[in-house]
Amino acid sequence: MRVSLRPMGEETRTIDIADWRLEPISGADRELVEQISLPPEQEEFAGSLDEVFGRLNEPDAVGLEQGFAVIAPDDRGVVGFFVLREGLRRPPWAPPGTVSLHSFRVRPGMQGQGVGRRCIALLEDWFARERPIQPKLMLAVNARNEGAIAAYQKIGFVDTGQRHEEGAGAQFIFVKPMA
């Protein structure tokens with residue numbers, strides 16, 4: 001499958017995701033993403049796997065908070081991971097009808113190689129199939145996480161101007177239309 005992405009300020013790019021897979025995972029599948037351990041300076045922003053899988057294992061997460069592993073072709077295996085929240089599990093900064101993205105991580109050593117762009121392309125395809133009436137994906141990114149801010153903007157997220165104070169400090173709220 002080929003997906004066209006049009007990040008803000010760039011010409012249209014086509015990303016081949018034919019052999020890439022987005023696999024839903026549960027709180028019991030932690031070992032699948034253990035290889036995506038981040039350096040401490042990134043883990044501070046993404047949250048620890050203990051926190052992430054603790055939330056996924058909560059009884060009220062079923063159907064409202066879902067983890068996803070991104071599987072690359074060949075022998076690269078799991079190269080990305082993120083969590084989607086909706087309904088009653090969405091954060092206070094995400095309005096009703098939106099889905100929020102959390103704990104987005106790309107395996108160290110593969111960052112800066114288009115893996116994040118492919119993850120979002122897979123997610124856009126998932127939205128078209130699974131959530132066609134939910135037109136927005138939102139996320140909070142720490143104001144100090146300059147690398148993530150630039151990466152999110154490069155793949156089409158836009159700063160809403162909204163701010164939120166949370167755990168590691170001030171968060172910028174970004175949105176990406178999915179329709």
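Predicted, not measured: the structure shown is a model, and the values here were computed from it.
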If hydrophobic clusters are built by linking Ile, Leu, Val, Met, Phe, Trp and Tyr wherever their side-chain heavy atoms come under 4.5 Å apart, do Val99 and Val70 end up in the same one? yes
Heavy-atom side-chain contact between Ser26 and Gln66 under 4.5 Å: no
Presence of salt bridge, Glu51 and Arg55, under 4.0 angstrom: no
Non-hydrogen atoms of Asn142 and Gly169 that approach each other most closely: ND2-N, 3.9 Å
Spatial distance of atom CD (Glu65) from atom CD (Glu58) [nearest 0.5 Å]: 7.0 Å
Measure across Ala69 and Ile25 and return the closest heavy-atom pair with its distance rounded to 0.1 Å. CB-CG2, 4.1 Å
Distance (rounded to the nearest 0.5 Å) between Leu56 CG and Arg30 CZ: 10.5 Å
Tell me, do Pro92 and His164 make a side-chain contact under 4.5 Å, heavy atoms counted? yes
Test log, rule side chain to side chain contact (heavy atoms under 4.5 Å, CB included), inputs Trp93 and Glu166: CA-CA 11 Å; Trp93 45 260; Glu166 196 172 291; 3.7 Å; yes
Given the rule that I, L, V, M, F, W and Y join up when any side-chain heavy atoms are under 4.5 Å apart, are Ile149 and Val106 in one cluster? yes
Within the side chain of Ser100, is there an N or O that forms a donor-acceptor pair under 3.5 Å with the backbone of Arg90? no
Donor-acceptor contact present, side-chain Gln113 to main-chain Gly109, <3.5 Å: yes
Would you name the heavy atoms of Val33 and Leu49 that are closest together and state the gap between them? O-CD1, 3.9 Å
About how many Å separate CD of Glu124 and NZ of Lys176, when rounded to the nearest 0.5 Å? 4.5 Å
Before you tell me yes or no, could you show the steps for Gln171 and Arg163 under side-chain hydrogen bond (donor to acceptor under 3.5 Å, both in side chains), namely the whole-Å CA-CA distance, both residues' side-chain angles and the distance that decides it to 0.1 Å? CA-CA 6 Å; Gln171 308 286 312; Arg163 302 295 179 254; over 6 Å; no
Do Arg144's NZ or CZ and the ring of Phe45 fall within the cation-pi criteria of under 6.0 Å and 45°? no
Can you tell me if CD on Glu146 sees more than 12 non-hydrogen neighbours from other groups inside 6.0 Å? no
Just say parallel, tilted or perpendicular for the rings of Phe104 and Phe82, cut-offs at 30° and 60°. perpendicular
Test item: side-chain donor near acceptor, Gln111 and Gln42, under 3.5 Å: yes
Applying side chain to side chain contact (heavy atoms under 4.5 Å, CB included) to Tyr152 and Leu139, what does each step give before you reach the verdict? CA-CA 9 Å; Tyr152 288 132; Leu139 61 85; 3.6 Å; yes
Can you confirm whether Met178 sits close enough to Lys136 that some side-chain heavy atom of one is under 4.5 Å from a side-chain heavy atom of the other? no
Gap separating the CH2 atom of Trp20 from the SG atom of Cys119, nearest 0.5 angstrom: 7.0 Å
Rounded to the nearest 0.5 Å, what's the gap from CD1 on Ile120 to CD1 on Ile155? Could you check? 4.0 Å
Please report the closest heavy-atom contact between Asn57 and Ala28, naming both atoms and the distance. OD1-N, 3.9 Å
When clusters are formed by joining ILVMFWY residues with side-chain heavy atoms under 4.5 Å apart, either directly or through shared neighbours, do Trp126 and Phe157 land in the same one? yes
Minimum heavy-atom distance Val52-Ala46, with the two atoms named: CG2-O, 4.3 Å
For the residue pair Phe174 and Val141, establish whether any side-chain heavy-atom pair is separated by less than 4.5 Å. yes
Quick one: do Phe68 and Val115 end up in the same hydrophobic cluster if we chain Ile, Leu, Val, Met, Phe, Trp and Tyr together by side-chain heavy atoms under 4.5 Å apart? yes
Calculate, to the nearest 0.5 Å, the distance between atoms CZ and CD belonging to Phe172 and Gln162 respectively. 12.5 Å
Answer yes or no: is there a donor N or O on one side and an acceptor on the other, between the side chain of Thr98 and the main chain of Leu137, under 3.5 Å? no
Taking all non-hydrogen atoms of both residues, which atom of Gly63 and which atom of Glu86 are closest, and how far apart? O-OE2, 4.2 Å
Just wondering, do Asp159 and Ile173 contact through their side chains at under 4.5 Å, heavy atoms? no
Shared hydrophobic cluster for Leu38 and Met110 (ILVMFWY, side-chain gaps under 4.5 Å): no
